[in-house]
Protein chains: 2
Amino acid sequence: MLTNRQLLILQLTVKDFIESAQPVGSRQLSKKPEAPFSSATIRNDMADLEDMGYLEKTHTSSGRVPSEKGYRFFVDHLLQPQTLAIEDSLQLRTLFHDKVGESEELIRKSATILSELTNYTSILLGPDTSTHAVKKFSIVPLDQQRAVAIIVTDNGHVENRIFDVPPGLTASEIEKTVNILNERLIGTSLVQLQQKLLQEAKHVFEQHIHQAEQLFSSLQQAIAVEPEERLYFGGKLNMWKQPEFHDFQKMKSFFELIEKGNPAMDLFQKKGKGIQVRIGSENKVIEMEEYSVITSTYSAGENMEGSIAIIGPKRMDYARVITLLDTLSSDLSTALNRMTIGQETDRRQDT
Amino acid sequence: MLTNRQLLILQLTVKDFIESAQPVGSRQLSKKPEAPFSSATIRNDMADLEDMGYLEKTHTSSGRVPSEKGYRFFVDHLLQPQTLAIEDSLQLRTLFHDKVGESEELIRKSATILSELTNYTSILLGPDTSTHAVKKFSIVPLDQQRAVAIIVTDNGHVENRIFDVPPGLTASEIEKTVNILNERLIGTSLVQLQQKLLQEAKHVFEQHIHQAEQLFSSLQQAIAVEPEERLYFGGKLNMWKQPEFHDFQKMKSFFELIEKGNPAMDLFQKKGKGIQVRIGSENKVIEMEEYSVITSTYSAGENMEGSIAIIGPKRMDYARVITLLDTLSSDLSTALNRMTIGQETDRRQDT
DNA sequence: GTTAGCACTCTTTAACTTTGAGTGCTAATA
DNA sequence: TATTAGCACTCAAAGTTAAAGAGTGCTAAC
């Protein structure tokens, strides 16, 4: 369908526009050594490419700009495989240099570095922690009315919530409560906690504890760990490093999009593994029409998955971001998996 | 020094400018029923006020704009005491309706509401938690190499940190460790923790625990609670509701100021109690010249203090913000104090 | 099939004009 | 003496016009 020269010209046009953010004209292209054709020749090819929908003009006599179809073709067929620049991989490496205890920390840092490296906005979705198993319960009374419930999960995450203690409950009864919880509910995943609490622990409570109902309902509330999806942002402000966003209205709407969170931009509509590129309206959301999103996934141990997204202008440096995301997500996976290996062995010993 | 009419005109000028964000001219003012003078009269007075430095012109034939001196005079002498609008106080009240367990939560919410009510950016500085006393220690082993150290303070705050466990340490030894910590260090404030750990607990460790040194240094790291100043922001984006910030560069520099955190803007240079107003260059920082800051303090129990700041354009609605801040800070104080009363009684019982 | 040449289009920039709100000053007025 | 009307003047903002520059499409020559 497309001649070799047309392919070349399309590629050069997209590349040039990605760099310069300016519509590229035939004369300009013809000056490049990679395109040793006259401007007229290029003009003709460009006209054809425009007819086929790969290029667009911003106005009748302007240079060409890639259409979404053009970007899509570029990403699918014209992307030259790239190796990570040395300085990039050095930067990435620093992430794993000083070892960090909690996975959350590592993920947060990844978001930051990614945004610094790309100059786009990065959004990391943490793995769904609700499948983590409870390692230990603890209750610390604060005063007559209140106590802190603490849940430690097997990945080292600590959830805590303050709750009301029924008046007159003695310290020994609280101790008993903790014991019951620990006996009955250790190993339960956070999602199942509510349910199991009812099934396994309720009757035990009623037998042993004074004022069981009140305590129980308080506990139930405290234990209701909301399944908050954890989003980590990097470089929220980066979009204004892009010239096409040097504009008040655009920045404003971008921020509103970001701050509003995922409702509008359901970024992580994961279909299949590997790296996904969504260009402009491929995001299926009107607010995202001006942006491209590149996503990838990483694993954090035993069927726990997180996602990485980079959001930038359609005129994004796809090649670079893709390789960057590729290596980061695999590095992140190994690092996070190593963190949980210990647990696995450990858990096996427990049973 | 100033005639009554001049005072009136100054007041009206400032008020008008605060509302409209437009330089105010003599003719415009003369139309207001509050100023039943001819434009020429007003013009003369304005000229005088300009000579005295209370007003400025943006260019030779423009209307007048308050100078910093003008704002200062307005705030000090011309502010009419205002009562809180009903809808405002209703909004504020919602804060305290549904009771929240942890003080942090309440403070965070205050920041949000304040920014919504004012359309400016709010920054709340949480009380210095490092003086809180430890209520309970706990250590939960995760696997052979790692464990979580948990510290609960008497206000219900939970600090946790993952640390390395020296290989070969037994479960009973960990239990012993926790016991030692709880025996020796409960009631210690977080600031003193490091020091006391060394003084009181080190020798005990050496007597009872195998591999004391390694464990001890791990613990020491884990316990090093950084004295992070906790800042809570509300309405970071609000500045672009102000017309004078409908400008790319200004918004950008405002964000950089905010994100960079306090180094540049040491907002909470508290001098004296009560409400402080700092206008433009009174902030002593070049980056803050365009902004005014109004601060207030609240108490969170027994000589623990937090601060509230509202940052907006110099053309800020001082009257409203001041009353708002006044009532919020006192409401917040009572709420937070009530939270800690229980503890006080409780702590007395302990000793 | 490629390229040179040319007329044409459209944006961008700068220069110029107009309009409107505002000022300062002077002379008249209460 | 304090206020006001009147008038000439200034300046920013908005609109208009003109020129420059980059690009296109098309035709004819190579």
Side-chain angles (χ1 to χ4, degrees), chain A residues 1-10 12-17 19-67 70 243-244 246-248, chain B residues 1-10 12-14 16-17 19-67 70 243-244 246-247:
Chain A
M1 200 71 188
L2 288 175
T3 71
N4 277 340
R5 196 179 55 212
Q6 284 172 336
L7 287 176
L8 178 63
I9 286 173
L10 177 55
L12 290 176
T13 306
V14 178
K15 267 191 178 172
D16 191 282
F17 184 67
E19 266 185 34
S20 70
Q22 295 300 324
V24 359
S26 55
R27 210 177 119 66
Q28 211 184 107
L29 256 198
S30 75
K31 279 187 215 142
K32 297 202 172 193
E34 302 98 309
F37 318 109
S38 80
S39 68
T41 308
I42 294 176
R43 211 145 48 231
N44 289 333
D45 278 342
M46 278 179 147
D48 292 346
L49 287 166
E50 185 178 356
D51 287 344
M52 290 184 275
Y54 295 112
L55 295 180
E56 287 171 350
K57 281 187 288 195
T58 58
H59 61 268
T60 342
S61 71
S62 76
R64 260 64 173 214
V65 159
S67 67
E244 58 266 60
H246 279 199
D247 170 84
F248 180 73
Chain B
M1 200 70 189
L2 288 175
T3 72
N4 277 340
R5 197 180 55 213
Q6 284 171 335
L7 286 176
L8 178 64
I9 286 174
L10 177 54
L12 291 176
T13 307
V14 177
D16 191 282
F17 183 67
E19 266 185 33
S20 69
Q22 295 299 323
V24 0
S26 55
R27 210 177 120 65
Q28 210 185 108
L29 256 199
S30 75
K31 281 187 214 141
K32 299 201 170 193
E34 303 97 309
F37 318 110
S38 80
S39 67
T41 310
I42 294 177
R43 213 148 43 234
N44 288 334
D45 278 342
M46 278 180 148
D48 292 346
L49 287 166
E50 184 178 357
D51 287 345
M52 289 183 276
Y54 295 111
L55 296 180
E56 287 172 349
K57 281 187 288 194
T58 58
H59 60 268
T60 340
S61 70
S62 75
R64 259 67 172 212
V65 158
S67 67
E244 58 266 61
H246 279 198
D247 171 83

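Since this is a predicted model, take the numbers as computed values, not measurements. Per chain, numbering begins at 1; letters A, B, ... match sequence-line order.
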What distance separates A/Leu49 CG from A/Leu10 CG, expressed to the nearest 0.5 Å?
5.5 Å

Protein-nucleotide distance (A/Arg5, atom CZ; C/dT2, atom C1'), rounded to Å
8 Å

How many whole angstroms separate atom CZ of B/Phe37 from atom C1' of D/dT4?
13 Å

Once you round it to whole Å, what is the distance between P of C/dG1 and CD of A/Gln6?
12 Å

Rounded to the nearest angstrom, tell me the gap between atom CG in A/Leu29 and atom C1' in C/dT2.
17 Å

With side chain to side chain contact (heavy atoms under 4.5 Å, CB included) as the criterion, how do A/Leu29 and A/Met46 come out once you've worked through the C-alpha distance, each side chain's angles and the decisive distance to 0.1 Å?
CA-CA 11 Å; A/Leu29 256 198; A/Met46 278 179 147; 4.0 Å; yes

So how far is it from A/Met52 CE to A/Gln6 CD, rounded to the nearest 0.5 Å?
4.5 Å

Could you tell me how far apart B/Ile42 (CD1) and D/dA5 (P) are, to the nearest whole angstrom?
12 Å

Distance in angstrom units between A/Asp48 CG and C/dT2 P, rounded:
11 Å

In residues 35-42 of chain A, what donor-acceptor pairs under 3.5 Å come from side-chain atoms, sequence neighbours left out?
from	atom 1	to	atom 2	distance (Å)
A/Ser38	OG	A/Ala40	N	3.3
A/Ser38	OG	A/Thr41	N	3.2
A/Ser38	OG	A/Thr41	OG1	3.0
A/Ser39	OG	A/Arg43	NH1	3.4

Considering heavy-atom distances to DNA chain D, does B/Thr58 or B/Thr41 have its closest nucleotide positioned more toward the 5' end?
B/Thr41

So CG of A/Asp45 and CG of A/Leu8: to nearest 0.5 Å the spacing works out to 9.5 Å

Atom pairs and distances, side-chain donor-acceptor, residues 53-62 of chain A, under 3.5 Å, sequence neighbours left out:
from	atom 1	to	atom 2	distance (Å)
A/Lys57	NZ	A/Thr60	O	3.4
A/Thr58	OG1	A/Ser62	OG	2.9
A/Ser62	OG	A/Thr58	N	3.1
A/Ser62	OG	A/His59	N	3.3
A/Ser62	OG	A/His59	O	3.1

For nucleotides 20-27 of chain D, give me one character per nucleotide, 5' to 3': B if any protein heavy atom sits under 4.0 Å from the base, S if the only such contacts are to the sugar-phosphate, - if neither.
---BBBB-

